[in-house]
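Start at 1 with the first residue, then count along the sequence.
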Amino acid sequence: MGPVTTHPGACPLDCPDTCVWQLTVDDGRAVALRGDRDHPFTRGALCGKVNRYLDAVNGPDRLTTPWVRTGPKGAGRVAYRPASWDEAVDRVAAGLRASIERDGPESVLPYYFAGTMGLVQGWTMGPRLFAHLGASRLDTTICTAAARAALRSLYGASVGFEPESIVEAGLIVLWGANPLVTNLHLWPFVQQARERGAYVVTIDPLRTDTAARSDEHVAPLPGTDAALALGLMRHVRDAGAADEAWLAAHTTGWPELAARLDDWPVERAAAECGLPAGTVRRLGDRIATTRPTAVRVGLGLQRHHGAGQAIRAICALPLVTGDFRYPGGGALVTTSGHHPVDNGPVIRPAGMPAPAARSLNMSRLAAVLTGEADPPVTSLVVFDANPVATAPDQARLLAGLRRADLFTWCWSSAGPTPATTPTWCSRRPCSPSTWTSRRPTGTTTRR
């Protein structure tokens, strides 16, 4: 028997929290996973998904060998057979080589995102390989592209208040955010702020768990967030609560925005949002008189048309009120980018050949696979992603994935299980020609 050891680590999934954990290993097998109580943000708590992480790592349906197709696309597990690593690697190399020889290297498209996160596994080595091949580059727009563009145009970078500082806020506005479900480690800090007298408002068309536990729930019509933000700014301006000194010292364009707000009286904004004017006016009063105000913006609202401009409008509110001058004040959309890491030299090391290639938008994968791309994509490499479950225009996407001339290699830890399987660990099939996987760390599961 080997020694029992404990190792620090963090969740690799794409999430604002990144749970910090302690992993117990017994004789080379991961046998227990617990939250690290000493971590100042996650404080020993694991979400429901991560609390069962070893079930996925050591589960009976996790692939331990590559599988290759024997039947028609879309037929699930019965259309595959186990294969040796040598056979799988040879088949993958042959499929990629055939596409390159026939249609050029841009006919190969890597499709990936943050399924298992990590700069090395998720964001560097895969792109490095395909950059070297001269394959089509992937424009990774599926999640936060609108928000990042909005933050760059407004703040100059993806920045915001540090999450822990929200305890200092007197007013907390959770705009399109449901932290009890998707950002659970933030909620104790919200509760701490409330114990100190903060008022918590959730703005969301749905009555989420977070909305039900807030002091107030404002439910605008979906896609009207920009109108609500403009109406609130108009009310703040009319109340004389704009921080003119801070605006003059730290912003440009306030006079133009102040004039533009003439078009957005509270009554118009309320009508656009399907809200009583009194609701907008009362929230405007709170924002005008409460320092600091913290606005936590969720990512779901950026799935609407005009989302970038909506996020710009929301994030302009704390600029108008000068809330960034106070600890715990301002706006926060994402912490990704607060502490930048330059992975460019790893993706494209100095001296590594990386031919110029086109860039394809991952959100348009359905169109790319059904005629939009020229030359056509004839080899698709999927890793750290599940396009069937996440990419838009799914009917058209499925038609593209079923193309007889499309070679697909899916690099995942779970196989082509039926479509009724939960999608959180990328188990729904994308009908690849070849599946490969990392080996599990053990066979014992303990929560």
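- If you check the side chains of Thr144 and Arg148, you find a donor sitting under 3.5 Å from an acceptor.
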- Task: Kindly determine whether Leu109 and Phe130 satisfy side chain to side chain contact (heavy atoms under 4.5 Å, CB included), including the steps that lead there.
- Result: CA-CA 8 Å; Leu109 175 64; Phe130 294 103; over 6 Å; no
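- The backbone N or O of Ala226 lies less than 3.5 Å from no partner atom in the side chain of Gln309, so there is not a single donor-acceptor pair.
- A donor-acceptor pair is defined here as one N or O able to donate and one able to accept, closer than 3.5 Å; no such pair exists between the side chain of Arg348 and the backbone of Pro127.
- The distance from the CG atom of Leu247 to the CG atom of Leu319 is 7.5 Å, given to the nearest 0.5 Å.
- Shown here for Ala219 and Leu275, the closest heavy-atom pair between the two residues is O-CD2, 3.5 Å.
- Put simply, OG on Ser153 and CD1 on Ile311 are 10.0 Å apart, with the number rounded to the nearest 0.5 Å.
- Between Leu360 atom CG and Tyr111 atom OH the span is 11.5 Å, to the nearest 0.5 Å.
- Ring pair Trp123/Phe113 is perpendicular by interplanar angle, where above 60° counts as perpendicular and below 30° as parallel.
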- Message: Does Asp285 form a side-chain hydrogen bond (donor to acceptor under 3.5 Å, both in side chains) with His235? I'd like the steps, not just the answer.
- Response: CA-CA 8 Å; Asp285 284 337; His235 187 79; 2.6 Å; yes
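- A donor-acceptor pair under 3.5 Å is formed between the side chain of Arg403 and the backbone N or O of Leu369.
- Heavy-atom minimum distance, Ser336 versus Thr334: N-OG1, 3.1 Å.
- For Phe324 and Tyr155, the ring centers are positioned less than 6.0 Å apart.
- For the pair Thr24 (side chain) and Val31 (backbone), a donor-acceptor distance under 3.5 Å is absent.
- Put simply, the side chain of Arg52 never gets that close to the backbone of Lys49: no donor and acceptor are under 3.5 Å apart.
- Rounding to the nearest 0.5 angstrom, the gap separating the OG atom in Ser107 from the CG atom in Leu380 is 11.5 Å.
- Between Tyr326 atom OH and Thr293 atom OG1 the span is 10.0 Å, to the nearest 0.5 Å.
- Checked against side-chain hydrogen bond (donor to acceptor under 3.5 Å, both in side chains), Asp209 has no partners two or more places apart in sequence or in another chain.
- Residues Val25 and His7 are in side-chain contact: their nearest non-hydrogen atoms beyond the backbone lie under 4.5 Å apart.
- Contact detail for Ile142 and Pro392: the closest heavy-atom pair is CD1-CD, 4.0 Å.
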- Task: Check the pair Lys73, Leu401 against side chain to side chain contact (heavy atoms under 4.5 Å, CB included), reporting the backbone distance first and the verdict last.
- Result: CA-CA 8 Å; Lys73 291 185 176 182; Leu401 289 169; over 6 Å; no
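- Applying the side-chain contact (heavy atoms from CB on, under 4.5 Å) test between Leu33 and each of Asp55, Asn51, Leu23, Val57 identifies Leu23 as the sole match.
- Shown here for Phe161 and Val295, the closest heavy-atom pair between the two residues is CE2-O, 3.6 Å.
- Between Tyr53 and Pro12 there is a side-chain heavy-atom pair separated by less than 4.5 Å.
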Report, one line per pair, each donor and acceptor closer than 3.5 Å where one atom sits in a side chain of residues 256-273; sequence neighbours left out.
from	atom 1	to	atom 2	distance (Å)
Arg260	NH1	Asp263	OD2	2.7
Asp262	OD1	Arg237	NH1	2.7
Asp262	OD1	Arg237	NH2	3.2
Glu267	OE2	Arg281	NH2	2.6
Arg268	NH1	Asp263	O	2.8

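- The two atoms that bring Asp342 and Gly344 nearest to each other are OD1-N, 3.1 Å, heavy atoms only.
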- Query: Can you check side chain to side chain contact (heavy atoms under 4.5 Å, CB included) on Ile203 and Leu283, steps first, answer last?
  - Reply: CA-CA 10 Å; Ile203 299 175; Leu283 180 55; 4.0 Å; yes
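- Here the side chain of Arg34 pairs no donor or acceptor atom with the backbone of Ala45 at under 3.5 angstrom.
- Val333 places a side-chain heavy atom less than 4.5 Å from the side chain of Leu299.
- Among all heavy-atom pairs drawn from Arg43 and Pro40, the shortest one is NE-O, 3.3 Å.
- Residues Arg296 and Ile172 fail the side-chain proximity criterion, which asks for heavy atoms closer than 4.5 Å.
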- Under the side chain to side chain contact (heavy atoms under 4.5 Å, CB included) rule, what do His185 and Cys47 come out as? Steps first, then yes or no, please. CA-CA 9 Å; His185 296 102; Cys47 74; 5.7 Å; no
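- With contacts defined as side-chain heavy-atom distances shorter than 4.5 Å, the pair Glu168/Arg196 qualifies.
- Surrounding CZ of Arg358 are more than 12 heavy atoms belonging to other residues, nucleotides or ligands, all under 6.0 Å away.
- For Asn361 and Thr141, the side-chain atoms include at least one donor-acceptor pair closer than 3.5 Å.
- In terms of modelled atom types and a separation under 3.5 Å, the side chain of Arg137 and the main chain of Ala135 share a donor-acceptor contact.
- Within a 6.0 Å radius of CZ in Arg364, other residues, nucleotides and ligands contribute 12 heavy atoms or fewer.
- In this structure, Glu244 and Trp254 have side chains that are in contact, with non-hydrogen atoms separated by less than 4.5 Å.
- You'll find the side chain of Pro318 stays beyond 4.5 Å of the side chain of Ile287, heavy atoms only.
- Counting heavy atoms from C-beta outward, Leu174 and Asp204 have side chains that stay 4.5 Å or more apart.
- Atoms CG and OG1, from Leu365 and Thr370 in turn, are 9.0 Å apart once rounded to the nearest 0.5 Å.
- Remark: side-chain polar atoms of Thr210 are not paired, donor with acceptor, to backbone N or O of Ala177 under 3.5 angstrom.
- Between the side chain of Ser136 and the main chain of Glu106, a donor-acceptor pair closer than 3.5 Å is present.
- Not one N or O on the side chain of Asp215 forms a donor-acceptor pair closer than 3.5 Å with the backbone of Val201.
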